[in-house]
Amino acid sequence: MKIGVLGIQGDIQEHLRMIERLGHEVIWVKRPEQLEKISGLIMPGGESTTMIKLMKRFEVWEPLYQMLQNGFPVYGTCAGLVLLAYEIENYPDQDSLKALPVRVERNGYGRQVDSFEVELEIPAIGANSFNAVFIRAPIIVDWDKSVEVLSIYKNAPVLVRYGNILASSFHPELTDDVRIHRYFIDEVIKE
C-alpha cells in the first residue's frame, strides 16, 4: 500500500520512517497529482498558518479538500489536527479543511517550553499504555457527538476518529511505538 506524508513542513522524516517500518511504500507529497497515487495521507505537526500558505501555493489545498469530502483517509497530528478542524477557537479567521467536527485551541497545552510526555490509555490499539509526546499541542475544546473519542487526557480528547479522519493532539512519530500508524492503515484506510 502507498501512504503519503504531506511534505511541506514539520515532522516529515519521522512519519516516513514509521510507514516504512510497517512495510508500506511511502510518498513525500508536495504536488496535487501525487494525491492520486496514495491510499491515505498523514499531515504532520508544524506551524499551521505556514502549512496552509504552502499547501495553497503548491496547489494541494483544494484537491485535498475535495478528496476529504469524498472519504479520502487522512491522519492529522498536532498542526495536522488544527488543519482538519471545523473551527479554531483562538484564531477564528484561520482557514481550515473543515473535515473534522471539532473546535480546537491552538497551542492549548502551552508553548514549546511547556512540552511534556504522558502515558495514555488507548484501548483501540491495545492494552499497553502509549507514551504520548505533546509539543505546542492543540486542545480539542468541543466536539460533535459523532466524533469517536479514542483517548482522553485531562477531560479533553487527544485522539479522535471521524469516519475517514484520524487526528491526535500529540506526536506518535516521535516515539518508537508504531501502533497508532498501524491503526490508521489497518482500521481507517482499509475500511
Side-chain angles (χ1 to χ4, degrees), residues 4-12 14-15 29-30 32 35 40-116 118 120 132-174 180 184 188:
V5 175
L6 184 66
I8 290 177
Q9 195 216 20
D11 295 336
I12 301 161
E14 291 83 354
H15 282 292
V29 174
K30 288 178 90 172
L35 293 170
L41 178 71
I42 295 174
M43 298 174 64
E47 205 293 306
S48 60
T49 306
T50 302
M51 291 173 75
I52 291 168
K53 287 178 185 172
L54 293 174
M55 288 173 73
K56 290 182 176 178
R57 182 178 301 162
F58 296 144
E59 300 179 347
V60 173
W61 184 266
E62 186 59 32
L64 180 58
Y65 175 84
Q66 294 299 330
M67 291 171 76
L68 281 162
Q69 305 306 312
N70 294 320
F72 181 67
V74 172
Y75 173 30
T77 62
C78 197
L81 162 61
V82 173
L83 296 181
L84 292 167
Y86 274 19
E87 189 178 346
I88 299 124
E89 182 168 273
N90 48 346
Y91 292 83
D93 296 329
Q94 179 175 324
D95 208 352
S96 79
L97 292 163
K98 302 197 182 317
L100 178 63
V102 300
R103 182 161 41 93
V104 299
E105 178 185 344
R106 276 179 50 179
N107 304 328
Y109 288 99
R111 300 181 310 161
Q112 190 93 11
V113 296
D114 302 312
S115 301
F116 63 96
V118 65
L120 295 176
V133 179
F134 289 76
I135 303 170
R136 293 178 29 208
I139 289 181
I140 297 175
V141 294
D142 194 18
W143 59 97
D144 188 88
K145 287 185 288 188
S146 59
V147 173
E148 182 181 3
V149 177
L150 300 176
S151 188
I152 289 179
Y153 173 67
K154 290 190 174 179
N155 299 317
V158 290
L159 178 65
V160 296
R161 179 176 178 183
Y162 178 67
N164 58 307
I165 307 294
L166 183 68
S168 62
S169 297
F170 56 90
H171 293 264
E173 76 281 5
L174 298 180
I180 293 178
F184 175 59
V188 180

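- Contact annotation: the side chain of E173 never approaches that of I42 to less than 4.5 Å [non-hydrogen atoms, C-beta and beyond].
- Put simply, the side chain of C78 does not reach to within 4.5 Å of the side chain of I135, judged on heavy atoms.
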Please step through side-chain contact (heavy atoms from CB on, under 4.5 Å) for the pair L159 and L166, ending with a clear verdict.
-> CA-CA 7 Å; L159 178 65; L166 183 68; 4.0 Å; yes

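- The distance from atom CG of L41 to atom NE2 of H15, rounded to the nearest 0.5 Å, is 10.0 Å.
- The side-chain heavy atoms of S168 and L81, taken from C-beta on, include no pair separated by under 4.5 Å.
- Scanning for side chain to side chain donor-acceptor pair (under 3.5 Å) contacts around D95 gives K56, with sequence neighbours left out.
- In this structure R57 satisfies the side-chain contact (heavy atoms from CB on, under 4.5 Å) test together with L54, sequence neighbours excluded.
- Note that CD of Q112 is 9.5 Å distant from CG of N107, once rounded to the nearest 0.5 Å.
- Distance check, rounded to the nearest 0.5 Å: CZ of F72 to CG of L35 gives 6.0 Å.
- The shortest heavy-atom contact between P157 and I140 is O-CD1, 3.6 Å.
- Side-chain contact between I165 and V188: absent, with no pair of heavy atoms (C-beta onward) separated by less than 4.5 Å.
- Residues that satisfy the side chain to side chain donor-acceptor pair (under 3.5 Å) test with D144, not counting sequence neighbours, are S146.
- Here the side chains of S169 and I139 are not in contact, with every heavy-atom distance at 4.5 Å or above.
- Counting heavy atoms from C-beta on, the side chains of E87 and D142 never come closer than 4.5 Å.
- Listed by chain and number, the residues in a salt bridge (Lys or Arg N to Asp or Glu O under 4.0 Å) with R136 amount to none (sequence neighbours excluded).
- Take S115 and apply the side chain to side chain donor-acceptor pair (under 3.5 Å) test, not counting sequence neighbours, and it matches no residue.
- In this view, E89 and R103 satisfy the side chain to side chain donor-acceptor pair (under 3.5 Å) rule, not counting sequence neighbours.
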Give the intermediate values and the outcome of side-chain contact (heavy atoms from CB on, under 4.5 Å) for residues Y91 and V82.
-> CA-CA 10 Å; Y91 292 83; V82 173; over 6 Å; no

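- With contacts defined as side-chain heavy-atom distances shorter than 4.5 Å, the pair P172/F184 does not qualify.
- Distance alone, capped at 3.5 Å, is enough to place a donor-acceptor pair between the T77 side chain and the G45 backbone.
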For residues 58-71, please give each side-chain donor-acceptor pair under 3.5 Å, one per line with the distance, not counting sequence neighbours.
from : atom 1 : to  : atom 2 : distance (Å)
E62  : OE2    : Q66 : NE2    : 2.9
N70  : ND2    : Q66 : O      : 3.1

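- With sequence neighbours left out, the side-chain contact (heavy atoms from CB on, under 4.5 Å) criterion links N90 to I88, E105, R106.
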Begin with the C-alpha distance, continue with both residues' side-chain angles, and end with the deciding distance and a verdict on side-chain contact (heavy atoms from CB on, under 4.5 Å) for V160 and W143.
-> CA-CA 10 Å; V160 296; W143 59 97; over 6 Å; no

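- Under the side-chain contact (heavy atoms from CB on, under 4.5 Å) criterion, K98 pairs with Y86, S96, not counting sequence neighbours.
- Remark: F134 engages Y109, F116, Y153, F170 in a ring-ring contact (aromatic ring centres under 6.0 Å, His included) (not counting sequence neighbours).
- With rounding to the nearest 0.5 Å, the separation of NZ in K53 from CD in Q9 is 11.0 Å.
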